[in-house]
Amino acid sequence: ASRGIGAATARRFGAEGWDVCLNALPPEAQLNTVKDSLPPGDHLVYAGDFSDPVFMDHLGVELQERWGRLDALVSCAGVWWSVDAIETPMEEWRKCFDIMVNGALYITRVAAPLLPAGGRIGHITSIHGARAGSESSSYAMAKAAVNQLCRNLAIELAPRGILVNAIAPGFINTAMSIVNGV
């Protein structure tokens, strides 16, 4: 939620009267800047690694203690590294997948127990989840995997009355899109 689609989403929810939890990798100052731009509310800045299950468990405890429940989750993690599928070491290639796919699953595991019937989950994916391009396989495959994760979550959480959507925007004028062409 420190920039791009995540920051815009946080601002929109804040403007509509929601209390917002802002998460992104440090520096925390970027999150505080977004928080300071929100209307007054019980907003939470929780900077840390979205793909770290221990960090996410701590976030879950914080959310439970602070609010006791959530009404919606919007997951906007987006990272891009230009990597060659053949030549790039696997640990580098996996970074996009670890952050965007595993992070989406971790935050869903944190949020789902706190969502009542009528709760909503939206994971921001990308049109690149259905496209191919040079040196973009890790990003594209991660976004495709999040699309599939959402399909499965929608079925698994439907009996609890929780709606899950994958939102796959095209080109959005953000710093990541301008620099990387995604």
Side-chain angles (χ1 to χ4, degrees), residues 1-10 21-34 44-63 73-113 121-154 156-157 164-182:
S2 62
R3 60 192 177 113
I5 294 171
T9 302
C21 175
L22 303 151
N23 167 253
L25 289 170
E28 193 169 330
Q30 290 176 308
L31 290 171
N32 284 320
T33 299
V34 174
L44 171 64
V45 168
Y46 210 84
D49 187 350
F50 184 72
S51 66
D52 177 356
V54 174
F55 170 79
M56 295 309 291
D57 286 344
H58 290 281
L59 174 58
V61 169
E62 177 71 23
L63 293 171
L73 163 67
V74 179
S75 168
C76 299
V79 294
W80 169 277
W81 289 278
S82 181
V83 295
D84 178 273
I86 306 303
E87 301 296 326
T88 302
M90 285 304 292
E91 55 274 0
E92 282 296 308
W93 190 90
R94 273 195 300 263
K95 284 182 180 179
C96 283
F97 203 88
D98 288 343
I99 292 169
M100 292 187 286
V101 179
N102 295 342
L105 180 58
Y106 295 147
I107 191 62
T108 300
R109 287 180 171 188
V110 164
I121 296 174
H123 288 286
I124 307 301
T125 65
S126 170
I127 60 169
H128 292 281
R131 299 175 68 180
S134 178
E135 298 186 350
S136 65
S137 62
S138 64
Y139 179 86
M141 288 180 68
K143 290 302 188 177
V146 174
N147 287 334
Q148 187 61 35
L149 174 64
C150 289
R151 289 181 191 102
N152 290 344
L153 289 171
E156 292 177 18
L157 295 173
V164 180
N165 285 301
I167 300 141
F171 183 83
I172 303 293
N173 188 7
T174 66
M176 188 173 90
S177 294
I178 292 167
V179 171
N180 300 305
V182 294

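Nothing here was measured: the structure is a model prediction, and the numbers come from that model. Quick note: numbers below take in every heavy atom, side chains included, and nothing from hydrogens, waters or symmetry partners.
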**OP:** List the steps and the verdict of side chain to side chain contact (heavy atoms under 4.5 Å, CB included) for Ser75 and Val146.
**Re:** CA-CA 10 Å; Ser75 168; Val146 174; over 6 Å; no
**OP:** First locate atom CD1 of Ile121, then atom CG of Asn165, and finally report the distance between them rounded to the nearest 0.5 Å.
**Re:** 10.0 Å
Original post:
To the nearest 0.5 Å, what is the distance between CG (Leu105) and CG (Asn152)?
Top reply: 10.5 Å
Subject >> Minimum-distance pair of heavy atoms, taken over all atoms of Ala145 and Val101 >> reply: CB-CG2, 3.6 Å
Original post:
Does any pair with a residue in residues 100-109 pass side chain to side chain donor-acceptor pair (under 3.5 Å), and if so which ones, sequence neighbours excluded?
Top reply: Asp98-Asn102, Thr108-His123
**OP:** Calculate, to the nearest 0.5 Å, the distance between atoms CZ and SG belonging to Phe50 and Cys76 respectively.
**Re:** 8.5 Å
Subject >> Closest non-hydrogen atom pair, Asp49 against Leu25 >> reply: CA-CD2, 3.5 Å
Subject >> For Ala144, side chain to side chain contact (heavy atoms under 4.5 Å, CB included) partners two or more places apart >> reply: none
Subject >> For Ser138, side chain to side chain contact (heavy atoms under 4.5 Å, CB included) partners two or more places apart >> reply: Val83, Trp93, Cys96
Original post:
Where do Lys143 and Ala77 come nearest, in terms of heavy atoms and distance?
Top reply: NZ-O, 3.0 Å
Original post:
Could you give the distance from CG (Asn147) to CD1 (Ile127), rounded to the nearest 0.5 Å?
Top reply: 11.5 Å
Original post:
Who are the ring pair (Phe, Tyr, Trp, His ring centres under 6.0 Å) partners of Phe55, not counting sequence neighbours?
Top reply: Tyr46
Original post:
Can you list the steps and then say if Leu149 with Val164 is a side chain to side chain contact (heavy atoms under 4.5 Å, CB included)?
Top reply: CA-CA 10 Å; Leu149 174 64; Val164 180; over 6 Å; no
Original post:
To the nearest 0.5 Å, what is the distance between CE (Met56) and CG (Asn23)?
Top reply: 6.0 Å
Subject >> Nearest-0.5 Å distance, CG of residue Leu63 to CG of residue Leu44 >> reply: 6.5 Å
Original post:
Considering all heavy atoms of both residues, which atom of Ser51 and which atom of Ile99 are nearest to each other, and what is their separation?
Top reply: CB-CA, 3.7 Å
**OP:** Could you tell me which non-hydrogen atom of Val34 sits nearest to which non-hydrogen atom of Ala1, and how far apart they are?
**Re:** CG2-O, 3.5 Å
**OP:** State which residues pass side chain to side chain contact (heavy atoms under 4.5 Å, CB included) with Ser2; sequence neighbours excluded, sorted by chain then number.
**Re:** Ala24, Gln30, Leu31
Original post:
Of the non-hydrogen atoms in Thr125 and Ala166, which two are nearest, and what is the gap between them?
Top reply: CG2-CB, 4.0 Å
Original post:
What residues, two or more places apart in sequence or in another chain, satisfy salt bridge (Lys or Arg N to Asp or Glu O under 4.0 Å) together with Glu92?
Top reply: Lys95
